[in-house]
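Worksheet: the structure to be examined is printed underneath.
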2 protein chains.
Amino acid sequence: MSETSSGTVAERISRLFETLTHAERKLSNVMLENYPVSGLGTITALAETAEVSAPTVARMARKLGYGGFPEMQTALRTELEATLSSPIAKHDSWAANAPDTHILNRFAEAVTDNLRQTLQQLDLEDFDAVVDLLSDPSRNIYVVGGRISRSMADYLFTHMQVIRDRVTLIPPNSNTWPHYVLNMTVGDVLVAFDIRRYEHDTHRLAEMATEQGAQLVLFTDQWGSPAAKHASHGFRARIEAPSAWDSSVVIMFILEALIAAVETERWEETRNRMKTLEQLFDRTKLFRKFT
Amino acid sequence: MSETSSGTVAERISRLFETLTHAERKLSNVMLENYPVSGLGTITALAETAEVSAPTVARMARKLGYGGFPEMQTALRTELEATLSSPIAKHDSWAANAPDTHILNRFAEAVTDNLRQTLQQLDLEDFDAVVDLLSDPSRNIYVVGGRISRSMADYLFTHMQVIRDRVTLIPPNSNTWPHYVLNMTVGDVLVAFDIRRYEHDTHRLAEMATEQGAQLVLFTDQWGSPAAKHASHGFRARIEAPSAWDSSVVIMFILEALIAAVETERWEETRNRMKTLEQLFDRTKLFRKFT
DNA sequence: TTCAGAATGTAGCATTATTTTCAGAGTAAA
DNA sequence: TTTACTCTGAAAATAATGCTACATTCTGAA
């Protein structure tokens, strides 16, 4: 069944993806992105959408096992007909070819519900206020996470580090935390993640930080961490999932939206920093060659 | 609103049906019978199916208010696209009280699109096979990430560590990687994250690991990492976002679904390990009180 | 760096699709 | 039946699509 000349167009693309060239991959993505409609126009239109040349499209049709572009198009039409005429259009499931009960579909359902509910109750003023805080170059930013949410803290830190300076990731070991609190002054910002089970140490850290005059931005779940009473701004994300654990997807989502907003706010500087960073990476590579 | 030049093709046909001639009605029936696929081929093919001549088809396209047959065909494609692309009701806006243009809404739109497209082309057999690999207690699991995707690797590691033993997180510093490869044997599994810009070191690690007989499970983006040629199983996630960076939300999603599936597969042991872990945490706290 | 080989795009051509023209068939009224 | 009219399809004219050959660019190895 690993023959080239069998299966749907999409399957063939996936199967051969590794053997495809750069331009062909670009084309594949366009075709899969709006499948199968994008492949039903003229070869020229498809080529233009994918920003490749028409011959590239024709060549790929050959690679996929068709006699030419029109033949592939006919295959697409036939597929489409089969899909549309099947009794219950299978657009109900997220992952095609999987039953509704497959974990992927159940998860997709849960995650989009979480996202919808979270966004519905999310306070935009809070969001914008946090963007302002994180964009302010005069403030020191500290980031801290818990046992699981440490990865989220790390993710935020990695990105913020590119956007601006004065960002510190507080390590997991709470023994060292007082040293960090010692340096916090009025106007500084502590971004903390506290998802159930809530960690007592995080609560203490939040308390100490606010006492020093720092502002607390707290990421927590729908039940709310006890540290929330110290928070200037908070995000309560829905984290339910068909699993023994909670889902961090929505938190990741808010993080990325925040990062994007801050990056826009400080675009000039961000761009310069990214450019410099590129150069530094290049020099690192050079350095490695000599070792 | 009874103008000729508005509404879908089907609506226009219905509206004008009374004024259509004999041959045109024959044609209409064929078009509506297998709507809209039958209208997506060539004018000749459609004419033959309906047992009318090509000019009849062209004339009807004009009657329906289009400039010609190709124009009508474009309209059909556009309709189809609209139908297919909103299997899950598109929200006018996700975050209430925010304009569509707010970064939160734009991000929500992008992320759900990414999720839908990724799931559509995700290979279920691959998914299930990876679940089996990660559930197999006799295999050593190694996890490694790149500069940004390190957080994802970390997240997977943290959870897998609870579910099973023999899980190792390979640190970011590639100098130490050979030591880890040294220990890999046939049947071991390396889970690697390689999102653009693809890291050369990751590619090398994948190569070395597979040469040792390890199986590679690769998380990459829609363009495909060069390391993919060594992978036994791969996940290509869509990562587009309205931001200078890529979105990791979909990758996080797949990770969590994987974790949930593995946890289900090994539920007995997972539950015991979680229980034990709880007790260990309690003892840690106790220990701290004495210091 | 240089060079070979692959990948990609440009241009022109053959092919195919679409439209126009026009002749014949069908239809209804006188 | 005739006549005027519309409808329809065959065939030619026009337009476009898709393919081939070739030139250029890119990539990776020596």
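Chain letters run A, B, ... following the sequence lines, proteins first and then strands; every chain starts at 1. Owing to the predicted nature of the structure, the values given are computational and were not obtained by experimental measurement.
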Step through it carefully: locate the ring centre of His102(A), locate the ring centre of Phe127(B), and say whether they are under 6.0 Å apart. yes
Specify the separation, in whole Å, of atom [atom1] of [X] and atom [atom2] of [N].
{"X": "His22(B)", "N": "dA25(C)", "atom1": "NE2", "atom2": "P", "value": "17 Å"}
{"X": "Arg25(B)", "N": "dT8(D)", "atom1": "CZ", "atom2": "C1'", "value": "16 Å"}
{"X": "Leu46(B)", "N": "dT18(C)", "atom1": "CG", "atom2": "C1'", "value": "13 Å"}
{"X": "Glu71(B)", "N": "dA17(C)", "atom1": "CD", "atom2": "C1'", "value": "16 Å"}
{"X": "Lys26(A)", "N": "dG9(C)", "atom1": "NZ", "atom2": "P", "value": "7 Å"}
{"X": "Met72(A)", "N": "dG18(D)", "atom1": "CE", "atom2": "P", "value": "10 Å"}
{"X": "Glu48(A)", "N": "dT10(C)", "atom1": "CD", "atom2": "C1'", "value": "14 Å"}
{"X": "Phe69(A)", "N": "dT15(C)", "atom1": "CZ", "atom2": "C1'", "value": "15 Å"}

Taking any heavy-atom pair under 4.0 Å as a contact, classify Ala54(A): base, sugar-phosphate, or nothing. nothing
Using a 4.0 Å heavy-atom cut-off, does Val52(A) contact any base of the nucleic acid, only the sugar-phosphate backbone, or nothing at all? sugar-phosphate
Taking all atoms of both residues into account, what is the closest heavy-atom pair of [X] and [Y], and its distance?
{"X": "Ala227(B)", "Y": "Leu216(B)", "value": "O-CD2, 3.8 Å"}
{"X": "Tyr155(A)", "Y": "Ser248(B)", "value": "OH-OG, 2.8 Å"}
{"X": "Ser6(A)", "Y": "Arg15(A)", "value": "O-NH2, 3.0 Å"}
{"X": "Leu115(B)", "Y": "Phe253(B)", "value": "CD1-CD2, 3.6 Å"}

Would you tell me if any nitrogen or oxygen in the side chain of [X] comes within less than 4.0 Å of OP1 or OP2 on [N]?
{"X": "Arg62(A)", "N": "dT20(D)", "value": "yes"}
{"X": "Thr21(B)", "N": "dT6(D)", "value": "no"}
{"X": "Thr56(A)", "N": "dG9(C)", "value": "yes"}

If you check every side-chain atom of [X], which of [options] has the closest atom?
{"X": "Pro55(A)", "options": "dT19(C), dA11(C), dT18(C)", "value": "dA11(C)"}
{"X": "Ile43(A)", "options": "dG9(D), dT10(C), dG18(D)", "value": "dG18(D)"}
{"X": "Gln73(A)", "options": "dT18(C), dG9(C), dG18(D)", "value": "dG18(D)"}
{"X": "Thr42(B)", "options": "dA17(C), dG18(D), dT10(C)", "value": "dA17(C)"}

dG9(D) base to Arg59(B) side chain: any donor-acceptor pair below 3.5 Å? yes
